[in-house]
Amino acid sequence: MARAELRETYGRRWRKHTPQRTRVLLKLGELAPATVPADPEPEPDRPAEDAPQAKPRPARRSKAKAKAGRTPAELLAAAREATATWSDAELTADRIRTTVRVSAANARMLRDALKTERTGGGDRADLEPVAA
C-alpha cells in the first residue's frame, strides 16, 4: 500500500524522486500498515491478475538458405553458356562472378579455364573450385 501511494504521489519513477528518508522508512517496514503485509505473495496455484502475460515468440526463420554446391563441371558449363558471346577483353573474373554468381576465387578459376579453352588449350579436366 505504501509503495502504491508513493507511486501515485511521485509518478512512475518514484524510487528516484522519493526523499531518501521515506525510502529508508519503507525499507525498514515502518511506512507499511501493521494489518497489511509489506509484500503480499500471490497464491502459487493461480497467477496474479496484474502480472503481464508472456507472448509466445514466433519461430525465427533462417535468412540464408543452404544451397547445394555446384560441381566444377556445372560451374564451367554455366560460365561457357554465359560468356559465349563475350569478347576476350570482356572475359574478366569480376564479370563472370556477377553473371554466374560464384565466389571471387571460383570466378578467377573459371576465367583462366575459359581463356585456356579459347586460346586452344582444350578442355581442362583438372578443374577444382576453391571452397567458398
Side-chain angles (χ1 to χ4, degrees):
M1 295 293 286
R3 276 192 236 159
E5 288 177 14
L6 290 173
R7 181 172 176 148
E8 187 177 317
T9 305
Y10 295 102
R12 202 167 140 188
R13 298 181 68 186
W14 66 269
R15 288 178 186 89
K16 181 178 180 183
H17 297 292
T18 306
Q20 184 177 5
R21 179 177 173 82
T22 308
R23 286 193 314 259
V24 170
L25 290 174
L26 177 66
K27 189 172 184 180
L28 293 174
E30 294 181 19
L31 285 182
T35 58
V36 178
D39 205 358
E41 294 289 326
E43 292 180 20
D45 292 346
R46 51 173 237 236
E49 288 90 25
D50 59 343
Q53 297 294 324
K55 294 180 181 178
R57 297 179 99 184
R60 291 186 117 188
R61 293 184 184 180
S62 176
K63 290 183 180 180
K65 293 182 180 179
K67 289 184 179 179
R70 295 183 280 182
T71 65
E74 290 172 339
L75 289 176
L76 189 58
R80 281 184 190 132
E81 184 179 321
T83 63
T85 59
W86 295 2
S87 68
D88 288 341
E90 294 174 320
L91 195 61
T92 62
D94 191 44
R95 189 160 180 209
I96 293 171
R97 181 182 60 82
T98 56
T99 305
V100 184
R101 295 183 180 251
V102 293
S103 67
N106 282 341
R108 289 189 300 269
M109 180 257 323
L110 290 171
R111 177 201 60 203
D112 294 341
L114 291 171
K115 282 190 175 186
T116 303
E117 286 178 4
R118 288 184 180 195
T119 58
D123 200 21
R124 288 192 53 188
D126 62 335
L127 190 61
E128 285 296 321
V130 177

Could you walk me through whether Glu117 and Leu76 pass side-chain contact (heavy atoms from CB on, under 4.5 Å), step by step? CA-CA 11 Å; Glu117 286 178 4; Leu76 189 58; 3.8 Å; yes
Which pair of heavy atoms, one from Arg97 and one from Ala107, lies closest together, and at what distance? CB-CB, 3.6 Å
Locate the shortest heavy-atom distance separating Val102 from Arg70; write the atom from each residue and the value. CG1-NH2, 3.5 Å
Is Glu90 atom CD crowded by more than 12 heavy atoms from other residues, nucleotides or ligands, each under 6.0 Å away? yes
How long is the gap from CG on Leu114 to OG1 on Thr83, to the nearest 0.5 Å? 4.5 Å
Can you tell me how far CG of Asp94 sits from CZ of Arg108, rounded to the nearest 0.5 angstrom? 10.5 Å
Output for pair (Arg118 CZ, Arg80 CZ), nearest 0.5 Å, gives 11.0 Å
Hey, does the side chain of Thr99 reach the backbone of Ile96 with a donor-acceptor pair shorter than 3.5 angstrom? no
Minimum heavy-atom separation for Trp86 to Leu91, with atom names? CE3-CD1, 4.1 Å
Are Lys115 and Asp112 close enough for a salt bridge, meaning some N to O gap below 4.0 Å? no
If you round to the nearest 0.5 Å, how far is CZ of Arg3 from CZ of Arg7? 12.0 Å
Drop me the distance from Gln20's CD to Leu25's CG, to the nearest 0.5 angstrom. 10.5 Å
Check Val100 against Ala79 and note the closest heavy-atom contact, atom names and distance. CG2-CA, 3.9 Å
Atom CG of Leu6 and atom CZ of Arg15: how far apart are they, to the nearest 0.5 Å? 10.0 Å
